[in-house]
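Just so it is clear, the structure is predicted and the values come from calculations on it, not from any experiment. Sequence lines set the chain letters: A, B, ... in the order given, protein chains first and strands last, and positions in each chain run from 1.
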Number of protein chains: 2
Amino acid sequence: MMADFEAFFDYIQEISGKLLSEDDKHLLMAHFKPKKLRRRQYFLQEGDVCKYIGFIVKGSARTFTVDEKGHEHILKLSLENWWLADFESFYLLKPSRFNIEALEDLEVLQSTNAQIEEYLKAIPAFSAMASIISQNYTIANQNRVQAAISYTAEERYEDLVKNYPHFLQRFPQNMIASYLGLSPETLSRLKKNSFK
Amino acid sequence: MMADFEAFFDYIQEISGKLLSEDDKHLLMAHFKPKKLRRRQYFLQEGDVCKYIGFIVKGSARTFTVDEKGHEHILKLSLENWWLADFESFYLLKPSRFNIEALEDLEVLQSTNAQIEEYLKAIPAFSAMASIISQNYTIANQNRVQAAISYTAEERYEDLVKNYPHFLQRFPQNMIASYLGLSPETLSRLKKNSFK
DNA sequence: TATTTGACTTGATCTGGATCAAGAGTATTT
DNA sequence: AAATACTCTTGATCCAGATCAAGTCAAATA
């Protein structure tokens with residue numbers, strides 16, 4: 001469990017470019033709770049309020065919706081050192097439209113919105129990290145929207161290969177397809193053709 | 001010009017829930033520069049670094065890319081009290097892939113990234129506003145990605161009518177179509193059919 | 001006033017990617 | 001080891017939405 005926090009502390013210090021004091025560390029350990037989920041367990045279920053934000057120490061997860069035809073659509077695929085939450089639900093305390101499910105056995109450190117607010121005030125490295133994360137999020141989302149709107153299936157796949165090559169190792173192909181807004185059949189064919 | 005700033009101050013105070021002191025206001029006026037653009041002028045051109053972020057006092061704009069076939073894709077439509085920038089370029093000082101063009105005569109208050117950092121440190125109302133804006137952005141982007149990935153053309157249009165009804169008054173239909181990732185013909189037909 | 005330009009509509013056709021269906025290979029469970 | 005369930009592939013068909021083309025109307029410009 002100590003090891004979990006070491007990775008977390010390293011992450012905060014690296015992203016923020018600031019050091020955590022011993023007091024900071026104790027404060028973080030006081031209110032970030034380790035939580036383990038087995039493969040296929042849910043971190044968040046549709047209809048529930050997303051009370052916790054989780055920092056992924058180990059494992060992977062997907063955030064997805066189910067439409068009225070029963071089709072699943074993956075909004076986000078998440079790995080180590082990513083944050084896990086439906087932010088709309090988390091910030092506004094609205095019931096979530098999303099499910100977040102562990103794709104591999106998952107270890108997270110989780111905390112509440114109220115507690116995060118405290119950390120932002122109390123720990124300079126934490127709030128520096130938060131603004132950088134928020135920037136990165138904004139950029140990544142901007143790119144994802146642009147890809148969705150203006151790229152063809154093939155371009156979206158190439159974009160993924162270029163920007164998130166490790167996704168291909170960690171996630172099954174049908175999940176990648178859904179993340180790209182494609183049927184698994186289309187992605188399969190697309191890969192075959194791109195070899196010529 | 002004073003009137004511009006009044007609207008800006010009101011906005012900051014309303015969003016943040018905090019008051020601006022006279023000093024705060026003078027500080028803001030010192031480094032937010034009013035800038036006017038006529039219809040069709042560019043706030044940002046593809047290939048340039050987005051050095052300024054603008055707060056829209058009056059008018060409207062679109063953020064778009066041009067693909068290799070010469071087709072335009074609108075990523076964002078912006079109105080009064082919105083912020084205008086390509087954040088990837090603005091934060092990372094990379095040449096932008098986007099164009100930002102005034103759709104109506106446009107008045108913005110603009111500032112640089114370095115100056116914004118100063119404001120975040122110096123003005124509590126400003127930094128409170130920034131975190132709320134950032135939350136709203138994250139939520140809006142999350143929803144936009146989800147709509148792009150999992151909704152049909154018709155559902156995306158209905159979503160827009162529900163969430164941004166004023167867009168229909170302010171933006172021509174072909175711009176709305178592009179924003180939704182549709183051809184103008186498809187949007188036209190779609191509206192006709194939705195009347196029965 | 002005449003002319004050009006842009007916004008929108010309507011029709012005909014085309015196509016990228018979805019859907020349906022079947023089979024092969026590989027994990028997982030019993 | 002057998003049974004069951006996933007994952008991926010390949011083929012055949014289908015369809016939502018794009019593209020191409022033409023025409024109307026209103027606004028901007030000369």
Is it the case that the side chains of E72(B) and N99(B) hold a donor-acceptor pair, with the cut-off being a distance below 3.5 Å and no angle test?
no
Counting only side-chain N and O atoms of K192(B), is one of them less than 4.0 Å from OP1 or OP2 of dT9(C)?
no
Rounded to the nearest angstrom, tell me the gap between atom NZ in K191(B) and atom C1' in dG17(D).
18 Å
From W82(B) CH2 over to K76(B) NZ, what is the distance, rounded to the nearest 0.5 angstrom?
8.5 Å
Report yes if the distance between the aromatic ring centroids of Y179(A) and F171(A) is under 6.0 Å, otherwise no.
no
Figure out the CZ/P separation between R40(B) and dT5(C), and round it to whole Å.
12 Å
Pull out every protein N or O sitting under 3.5 Å from an N or O of nucleotides 15-19 of chain C, one pair per line with the distance.
unit_1: dG17(C); atom_1: OP1; unit_2: A153(A); atom_2: N; d: 2.9
unit_1: dA18(C); atom_1: OP1; unit_2: G181(A); atom_2: O; d: 3.3
unit_1: dA18(C); atom_1: OP1; unit_2: S183(A); atom_2: N; d: 3.3
unit_1: dA18(C); atom_1: OP2; unit_2: S183(A); atom_2: N; d: 3.3
unit_1: dA18(C); atom_1: OP2; unit_2: S183(A); atom_2: OG; d: 3.0
unit_1: dA18(C); atom_1: OP2; unit_2: T186(A); atom_2: OG1; d: 2.3
unit_1: dT19(C); atom_1: O4; unit_2: R189(A); atom_2: NH2; d: 3.0

Between dA7(C) (C1') and L103(B) (CG): distance, integer Å:
14 Å
Not counting sequence neighbours, list each pair that qualifies as a ring-ring contact (aromatic ring centres under 6.0 Å, His included) and has a residue in residues 114-160 of chain A.
F32(A)-Y119(A), F87(A)-Y137(A), Y119(A)-F126(A)
Protein heavy-atom contacts under 4.0 Å, written 5' to 3' over nucleotides 23-30 of chain D as B (base), S (sugar-phosphate only) or - (none), form the string --------
For the student: nearest non-hydrogen atoms of C50(B) and S89(B), plus distance
N-OG, 2.7 Å
What integer distance in Å separates Y157(B):OH from dC8(C):P?
11 Å
Tell me: CE of M175(B) to C1' of dG6(C), nearest whole Å?
10 Å
Heavy atoms, side chains only, cut-off 4.5 Å: are L109(B) and D4(B) in contact?
yes
Starting at atom CG of N174(A), determine the distance to atom C1' of dT10(D), rounded to an integer number of angstrom.
17 Å
Separation of dA18(D) P from E72(B) CD (nearest whole Å):
16 Å
F5(B), F9(B), F8(B), F43(B) screened by ring pair (Phe, Tyr, Trp, His ring centres under 6.0 Å) with F55(B), the one that passes:
F8(B)
Write down the atom of I132(A), the atom of S16(A), and the distance for their closest heavy-atom approach.
CD1-CA, 4.3 Å
Gap separating the CG atom of D105(B) from the CZ atom of R40(B), nearest 0.5 angstrom:
11.0 Å
